[in-house]
Amino acid sequence: MATTGGSIMAQMLKAEGVDTIFGIIDGTYTQFFWNAVHSGIKLITPRHETIAAHMAGAYARLTGKLGVCMASNGPGVANMLSGVAVEQGEGNRVLLITSSRRSAITYPDRGGAYQCFDQVGVIRPMAKWSETADSAGRVPELMRQALRKCWEGRPGVVHLDVPENVINGEAKPVGIQKPEQYRPTQPLAPRQDQVEEAAQMLTKARLPIIHCGSGVIHAAAYDELAQLAEVLHAPVCTSWSARGVLPETNPLAWNMVHIKAVNQLRNEADLVLVLGSELGETDWWGKAPYWATPDRQKLIQVDIDAQRLGRNRPADLIVQADAKEFLTQLLERVQGRTGEMPIEGRKSKVASLAKERDQDRASLDEKLSDTSEPMVTAHVAKICREVFDDDAVIVFDGGNTAVWGNFYHEMRVPNTQLGTHHFGHLGAGTGQALGACAARPDKQVYCITGDGAMGFHPQEIETAVRNNLKPIFLVCADKQWGMVKINQIFALKPVQSLLKKAVLKRDLGQEETINTELGEIAWDKLAESMGAHGERVSAPDQLKPALERALESGRCAVIHIDVDPEKHMFAPGLMHFKAMHQEPKGK
Ligand SMILES: Cc1ncc(C[n+]2csc(CCOP(=O)(O)OP(=O)(O)O)c2C)c(N)n1
Ligand SMILES: [Mg+2]
């Protein structure tokens with residue numbers, strides 16, 4: 001077959017080791033996906049483009065490979081935009097390939113061109129990089145540039161736009177280079193003097209702690225992290241996205257959900273080793289009163305991306321390096337120095353700090369003694385933890401549902417959770433669950449989601465069935481936009497609502513909030529209509545058998561869970577999340 005712009009693109013992705021692409025087909029880029037599929041790359045087609053972005057993002061995060069998605073000119077790209085925003089925000093390594101109309105009438109639009117807008121102009125400020133390859137001759141060069149960008153710095157969305165005449169038109173055959181010929185393929189190593197300085201600081205510190213972000217996941221530095229925590233006897237806290245990098249069964253893991261305990265820990269430490277985290281808003285920007293002030297607490301920050309270093313909080317030592325490389329070298333330098341460390345002091349401090357964390361767990365778990373029907377949402381993640389394997393992938397979606405899910409889930413294996421922790425984007429979880437199934441075909445995948453969130457992309461249940469993907473969706477049906485309703489109640493009628501809750505144990509009536517109610521969707525029946533397995537439960541003791549039947553069905557399954565709408569509104573930790581919207585008072 002003749003060489004085309006599209007065939008070159010497909011061959012280059014193949015040479016990069018890409019094995020799966022997510023997207024909806026269209027005539028404007030037939031030569032691209034045709035050649036990709038015929039070279040052995042799998043194409044998984046959702047029913048909405050933004051889902052392709054979420055599948056690619058989840059796939060990238062769970063496999064450590066590049067997640068590739070595609071969308072066709074005009075409407076396909078327009079639908080893709082929310083996915084671009086979210087995956088860039090979450091920092092997932094996604095390459096987006098789009099077609100555009102023929103080059104003779106676009107950039108700029110000649111006037112009245114069909115299915116045409118300035119795709120690169122719109123995506124560029126949303127993504128890491130966005131360019132158009134407007135001639136076949138420039139396809140290899142711009143593909144290489146795109147791939148270089150994909151693997152440089154913090155992961156995010158990289159976009160290459162190619163006009164239909166370039167993708168489908170003939171091109172001069174070119175030699176396909178190997179990745180190591182055009183981009184660094186080895187992780188970035190730290191400078192020796194900086195590793196030594198870090199080792200000295202960590203050895204001397206009274207109570208060092210380690211704070212991890214997604215950089216630890218992208219570097220897959222779990223074993224090294226666990227070893228370092230043990231050698232230093234240093235507690236580990238994380239961003240929400242990085243939860244579980246140290247399994248929460250480890251006594252040195254400070255699960256994010258114990259917010260007060262995490263705040264205490266962050267105030268007690270005299271040294272923080274920050275690995276692959278930019279200390280963003282959900283980590284309170286690294287500021288007091290949630291962390292000790294810089295005069296009382298030193299900071300070492302390690303990040304692959306120079307742009308993230310010292311950005312939100314000044315660091316005493318900044319190291320640009322891959323987290324795994326850094327930890328491997330650091331371990332060599334601290335392992336022989338345990339005698340110089342104040343280990344006994346650290347142990348007794350950690351043990352006393354652990355009390356707050358463990359008491360918080362116990363008090364959260366008190367809610368589980370409420371076995372009334374319809375159920376308290378706390379049971380959902382708790383029962384899932386009993387039924388699913390330790391290495392099952394959990395996806396959190398929805399408003400309060402995601403909060404309940406997070407607070408009653410225990411991370412036992414690193415990199416087994418997905419959510420949009422930076423973006424809080426309802427509906428993305430549906431795509432992430434499907435992407436997780438594609439990434440880990442031999443593992444269980446389940447998604448705990450709200451009835452608002454599930455309403456954004458229920459059509460993708462059919463995508464799961466058609467592609468033999470087997471996620472289990474647990475839809476927590478309170479028939480309301482629960483998180484917004486509780487916010488409205490507090491914002492609009494705070495005194496009245498608090499009194500009513502305390503005295504009457506009920507919330508404000510429907511007439512007192514604005515558009516927070518949702519109607520009934522029978523999620524089990526909807527699932528069955530698409531060939532998936534459906535279940536409906538409302539009592540806690542019904543959930544486990546329903547989950548077991550869902551797993552036995554060997555298909556995608558949807559469990560409609562009627563939850564108590566009143567209790568559902570009072571999800572744990574909500575006050576802390578509200579506080580997060582304000583600038584922390586300290587320095
Ligand atoms: C795409 C999107 N639109 C709107 C919002 C704002 N929002 C945050 S929580 C929420 C309600 C969520 O309802 P549901 O998914 O049913 O979860 P619940 O809070 O009821 O558990 C809304 C509308 C959002 N986060 N994402
Ligand atoms: Mg809801």
Side-chain angles (χ1 to χ4, degrees), residues 48-51 53-54 57 78-90 126 240 281-282 367 374-381 384 394-409 418-433 447-460 473-492 507-508 510 513-523 526 536 538 558-578 580-581:
H48 190 294
E49 287 79 1
T50 198
I51 289 294
H54 300 315
N79 265 357
M80 178 56 85
L81 294 178
S82 64
V84 171
V86 174
E87 296 307 320
Q88 172 69 12
E90 301 303 326
M126 300 172 70
W240 286 96
E281 189 167 11
T282 50
K367 288 223 161 57
M375 73 176 80
V376 188
T377 319
H379 290 288
V380 178
C384 284
I394 181 170
V395 182
F396 300 108
D397 200 351
N400 275 12
T401 300
V403 177
W404 282 109
N406 265 289
F407 275 69
Y408 288 87
H409 175 71
L418 295 166
T420 51
H421 300 289
H422 294 78
F423 227 78
H425 196 91
L426 300 177
T430 312
Q432 291 178 317
C447 173
I448 299 180
T449 183
D451 53 354
M454 192 64 188
F456 282 85
H457 295 293
Q459 75 283 356
E460 304 301 340
F473 291 98
L474 298 102
V475 185
C476 296
D478 61 343
K479 289 202 239 166
Q480 57 198 9
W481 301 103
M483 181 180 266
V484 182
K485 186 168 178 180
I486 186 71
N487 273 323
Q488 275 191 25
I489 289 173
F490 281 122
L492 302 176
D507 74 313
L508 294 184
Q510 188 170 327
T513 56
I514 298 168
N515 286 29
T516 54
E517 309 303 310
L518 290 168
E520 158 90 2
I521 291 179
W523 298 102
L526 188 75
R536 184 164 185 160
S538 61
V558 180
I559 305 184
H560 180 128
I561 305 175
D562 290 297
V563 296
D564 183 320
E566 308 275 308
K567 293 174 185 164
H568 184 76
M569 278 196 293
F570 292 91
L574 282 188
M575 284 305 142
H576 297 283
F577 296 118
K578 218 170 159 41
M580 206 184 71
H581 285 256

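Indexing begins at 1, ligand by ligand and atom by atom, following the structure's order.
Among protein heavy atoms, the minimum distance from atom 25 (N) of ligand 1 is reached at Gly424 O, 2.8 Å. For atom 17 (O) of ligand 1, the closest heavy atom belonging to the protein is Gly399 N, 3.1 Å. Of the protein's non-hydrogen atoms, Gly482 N, 2.8 Å is the one closest to atom 20 (O) of ligand 1. For atom 5 (C) of ligand 1, the nearest protein heavy atom (residue, atom name, distance) is Leu426 CD1, 3.8 Å. Scanning all protein heavy atoms for the shortest distance to atom 15 (O) of ligand 1 gives Ala453 N, 2.8 Å.
For His421, there are no ring-ring contact (aromatic ring centres under 6.0 Å, His included) partners two or more places apart in sequence or in a different chain. Scanning for ring-ring contact (aromatic ring centres under 6.0 Å, His included) contacts around His425 gives Phe423, with sequence neighbours left out. Under the ring-ring contact (aromatic ring centres under 6.0 Å, His included) criterion, Phe473 pairs with no residue, sequence neighbours left out.
Here the closest non-hydrogen pair linking His48 and Glu460 is N-OE2, 3.1 Å. Across Met569 and Gly482, no two heavy atoms sit closer than the pair CG-O, 4.0 Å. Taking both residues in full, the closest heavy atoms of Asp397 and Ala428 are given as OD2-N, 3.5 Å, listed atom of the first, atom of the second, then distance. Shown here for Glu49 and Asn79, the closest heavy-atom pair between the two residues is OE1-ND2, 3.1 Å.
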Side chain to side chain contact (heavy atoms under 4.5 Å, CB included) evaluation trace for Met375 with Lys567
CA-CA 9 Å; Met375 73 176 80; Lys567 293 174 185 164; over 6 Å; no
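Considering backbone and side-chain atoms alike, Val484 places every N or O at 3.5 Å or more from each N or O of ligand 1. At a 3.5 angstrom cut-off on N or O pairs, Asp451 counts as close to ligand 1.
Around the Mg ion (ligand 2), the protein contributes the following N, O or S atoms at distances under 2.8 Å: Asp451 OD1, Asp478 OD1, Gln480 O.
The option from Asn515, Asn400, Thr420 that lies nearest to atom 19 (O) of ligand 1, judged by heavy atoms, is Asn400. Of the candidates His568, Met569, Met483, it is His568 that places a heavy atom closest to atom 21 (O) of ligand 1.
Heavy-atom proximity to Gln480, at under 4.0 Å, picks out these atoms of ligand 1: 16 (O), 20 (O). The atoms of ligand 1 that sit less than 4.0 Å from any heavy atom of Gly452 are 14 (P), 15 (O), 16 (O). Listed by number with element, the atoms of ligand 1 under 4.0 angstrom from any heavy atom of Asp478 are 20 (O).
Side-chain contact, His54 with Gln432: no donor N or O sits under 3.5 Å from an acceptor N or O.
Comment: Asp562 engages Arg536 in a salt bridge, judged by a side-chain N to carboxylate O separation of less than 4.0 angstrom.
When each of Thr401, Asp478, Ile521 is paired with Asp451, the side chain to side chain contact (heavy atoms under 4.5 Å, CB included) condition holds for Asp478 and for no other.
The closest side-chain heavy-atom distance from Tyr408 to Ile448 is not below 4.5 Å.
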